[in-house]
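The structure appears below as structure tokens.
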Amino acid sequence: MANSKPALFGLLLLCGLCSLSYAYKVGVGRADITGPPVEINFMGYANIKQVGRGLHTRTFARAFVVEDEKGHRVAFVSADAGMMGYGLKREVIKRLQARYGNIYNVENVIISGTHTHGAPGGFLMHLLYDISILGFVPQTFEAMAHGIYLCIKRATDNLVDGRILLSKTTVLNANINRSPSSYLRNPAEERAQYEHDVDKTLTQLRFLDKENNLLGAFNWYAVHATSMNNTNKLVTSDNMGYASLLLEKEYNPNKMPGKGKFVGAFCSSNLGDVSPNIMGPKCSISGNDCDILTSHCPTGEGECFASGPGRDMFESTQMIGQRLAEGALSLLNEQSQESTAREVTGDVRFIHQFVDMPNYNGSTYNPLSRKLDKIRGCQPAMGYSFAAGTTDGPGAFSFEQGTTTDNPMWNFVRDFIVPPTQEDIKCHEPKPILLATGRATFPYEWQPKIVSNQIVKIGDVILAGVPCEFTTMAGRRLRNQIRAAASAAGGIDTEVIIAGLSNIYSSYTVTPEEYQAQRYEAASTIFGPHTHTIYMDVFERLTKALMRNETVDAGPSPPYMNDVMLSLNTGVLFDGHPIGTDFGYVKTQPLKQYGINDTVKATYISGNPRNNLFTEKTYFMVERKINEDRWKVTYTDASWETRMVWHRTNTILGFSELEIYWNISPQTLPGEYRIRHCGEYKYILGGKYPYEGLTHSFTVKED
């Protein structure tokens, strides 16, 4: 009896440690969000000529859900999309609440875009962002809304007792600063605190069940998903999506892309001035360096274009994605004795506030004058350098980055659309206004005025959902501000992760110093020179309120615009086929035999791929013969090794053809193969009908 109290105390301590280790319920999920792969413009480069012609990789949304022992729950989604629109988030929340009640709401769900520039647009509901897509595209919107809802539902259905580990590593040779002259505007003593002019750290949250089985890994890294340039016309998830496919392939062996229990995501962070085209900008004709201030080339030397490390954009995408995946895998494969991972512990909290940026008034301490400076937001406006584009995708006409003076001709064009007020011009200085988007209301709002600011706390990890693209230093300052505020108000050290392009899209945010340079990112900082200072103020206030368990005013909701959307995109009228053929007819059969690294091609008489997006399915399958009666699917349209290209061959008669390419990788097993295409055609008198086409079999021989 004398030893019963110590023994009881030890048992209670052990139970306490067990409950501490498994205090969370965690779940992960994934779903297909691929929109119409043809005849719809892509979102990202704002290039009217970048109209979809097929599919390289499907796009997915990946989610994790975490709940603490008090029942506080949060969900985070990383979607293979250019960014996120609030109308889309509102629709996702509506569908979640129809199923789960008020468990999910605007405050505890973050939806972030990976920033691929190779997926169909038309889902943002602000005219400036949808105008190059020719307006709103309901099919894109629905594919994304359903897929994002479904991935959160799957993560919810998969909730189990589990653990969360945090780890970090450095990934080099995957990103560069595309506006280094702007970065140099930041104070020298501040820049001296960092080794690089971009963030090289990959931050990973690892989710495990109570038996330490790996469920998923979400990785944040700052780089634009622009390895595929503005000449690409095949739907792609780009470098971030390819990294996800590689990671998931590692832990979902023998599964097709987009299938399997393990979910691996690569998520956007403070990528505003960060490019994957690490060979840097060169003049496209001469090969000489571009001007560092303006990214301009002399007459006759071509456009200023940055390129990746590969021979073409496909190989560059592979190489950058491979480096990101290897960084994530190095963390997951660490041996316990050398692991840098640490356990995430603590409760789950969340806070959210809408902010009317043009009407924001506040103050900030100026260390130079040692006084409080008044800060205010401006009506949204885009500067001249916005039209210059970036070295990842140059713009049109003769615009140059770094422009701080206006032009009478372009001012005339601007004023014809909608003129800025003198107050607007003064507010945005030194930005010369090219588009006074905040004053434009026809046919509806051009850019958002009300933005979403959100913080999710999972133990001692804080996710800051920002509604735009923060540049490197802008993100660093925000992380430091949130970390300091959390320490001051809550007394704990936190790991702060910037979750970029979340919830609503409002272009860029640069530091006040970078704003003075007026390169592309600064010209696209739509609320003026104090934009970053306002965010610093808002997120500091939200962090302190979060740590003190205080509530904040919800703020004014963004306007509901679903019922005023316009579109110049037409639907599919009908499909036809030449006399003597039928839908699914194989016009070009594969050869009889191929070797490793050869490319198989098959051409089918097809319907329009917009007739059926084959969500969670596939437009085609590469099948391998197992025995006399059985064929096994080895590749689909989600596989990196395949491509699908669609051609309209006769507009009047509705004829079209579909080309399927399969690059035979060294990992391909020898044997007998065939390619099966599935589609739907639209009958001229109405209705859609399925069809199928199958090639003859062909042999892949050993190398």
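On a predicted model such as this, the values are computed, not experimentally measured, just so you know.
- In this structure, Asp130 contributes its side chain and Ile133 its backbone to no donor-acceptor pair below 3.5 Å.
- Of the possible donor and acceptor atoms, none in the side chain of Asp238 sits under 3.5 Å from a partner among the backbone N and O of Thr116.
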Practice prompt. Carefully, step by step, assess Arg477 and Glu513 under the rule salt bridge (charged side-chain N to carboxylate O under 4.0 Å, His left out).
Written response: CA-CA 13 Å; Arg477 289 184 190 177; Glu513 295 88 347; 3.1 Å; yes
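- Checked by atom type and distance alone, the side chain of Lys200 pairs as donor or acceptor with a backbone atom of Asn175 at under 3.5 Å.
- In this structure, a donor-acceptor pair under 3.5 Å is present between the side chains of Tyr129 and Gln447.
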Exercise for review: Go through Asp199 and Arg479 one step at a time and tell me if the salt bridge (charged side-chain N to carboxylate O under 4.0 Å, His left out) criterion holds.
Suggested key: CA-CA 12 Å; Asp199 286 341; Arg479 280 200 301 262; 2.8 Å; yes
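- In this structure, Phe470 has its ring center under 6.0 Å from that of Tyr535.
- Using a 4.0 Å cut-off between charged nitrogen and carboxylate oxygen, Arg178 and Asp197 do not count as a salt-bridge pair.
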Glu190 and Arg185: CA distance, side-chain angles, deciding distance, salt bridge (charged side-chain N to carboxylate O under 4.0 Å, His left out) verdict
CA-CA 11 Å; Glu190 182 180 35; Arg185 294 279 189 127; over 6 Å; no
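- Side chain of Asn186 to backbone of Tyr183: a donor-acceptor contact under 3.5 angstrom is found.
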- Checking salt bridge (charged side-chain N to carboxylate O under 4.0 Å, His left out) for the pair Glu142/Arg95: CA distance, chi angles, key distance, verdict? CA-CA 12 Å; Glu142 175 56 31; Arg95 298 183 186 195; 2.7 Å; yes
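- Taking the centre and axis of the six-membered ring of Phe218, the NZ or CZ atom of Arg62 falls outside the cone set by 45° and 6.0 Å.
- Taking each heavy atom of Pro529 and His428 in turn, the nearest pair found is CD-CA, 4.1 Å.
- For Trp410 and Phe399, the ring centers sit closer than 6.0 Å to each other.
- Using a cut-off of 4.0 Å between Lys/Arg side-chain N and Asp/Glu carboxylate O, Lys449 and Glu445 are scored as not salt-bridged.
- Closest of all the heavy-atom pairs between Ser227 and Asn239 is OG-ND2, 2.9 Å.
- The closest donor-acceptor contact from the side chain of Asn270 to the backbone of Thr472 lies under 3.5 Å.
- Although no hydrogens or angles enter the test, the distance criterion places a donor-acceptor pair under 3.5 Å between the side chain of Ser112 and the main chain of Gly500.
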request  = Starting from the C-alpha separation in whole Å, work towards a yes-or-no answer on side-chain contact (heavy atoms from CB on, under 4.5 Å) for Ser268 and Tyr221.
outcome  = CA-CA 6 Å; Ser268 65; Tyr221 190 80; over 6 Å; no
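- Looking at His115, its side chain does come within 3.5 Å of a backbone N or O of Gly82 through a donor-acceptor pair.
- Between Phe527 and Ile534 there is no side-chain heavy-atom pair separated by less than 4.5 Å.
- Remark: the backbone N or O of Tyr508 is not paired with any side-chain donor or acceptor of Glu521 at under 3.5 angstrom.
- In this structure the side chain of Thr226 reaches within 4.5 angstrom of the side chain of Pro276, judged on heavy atoms.
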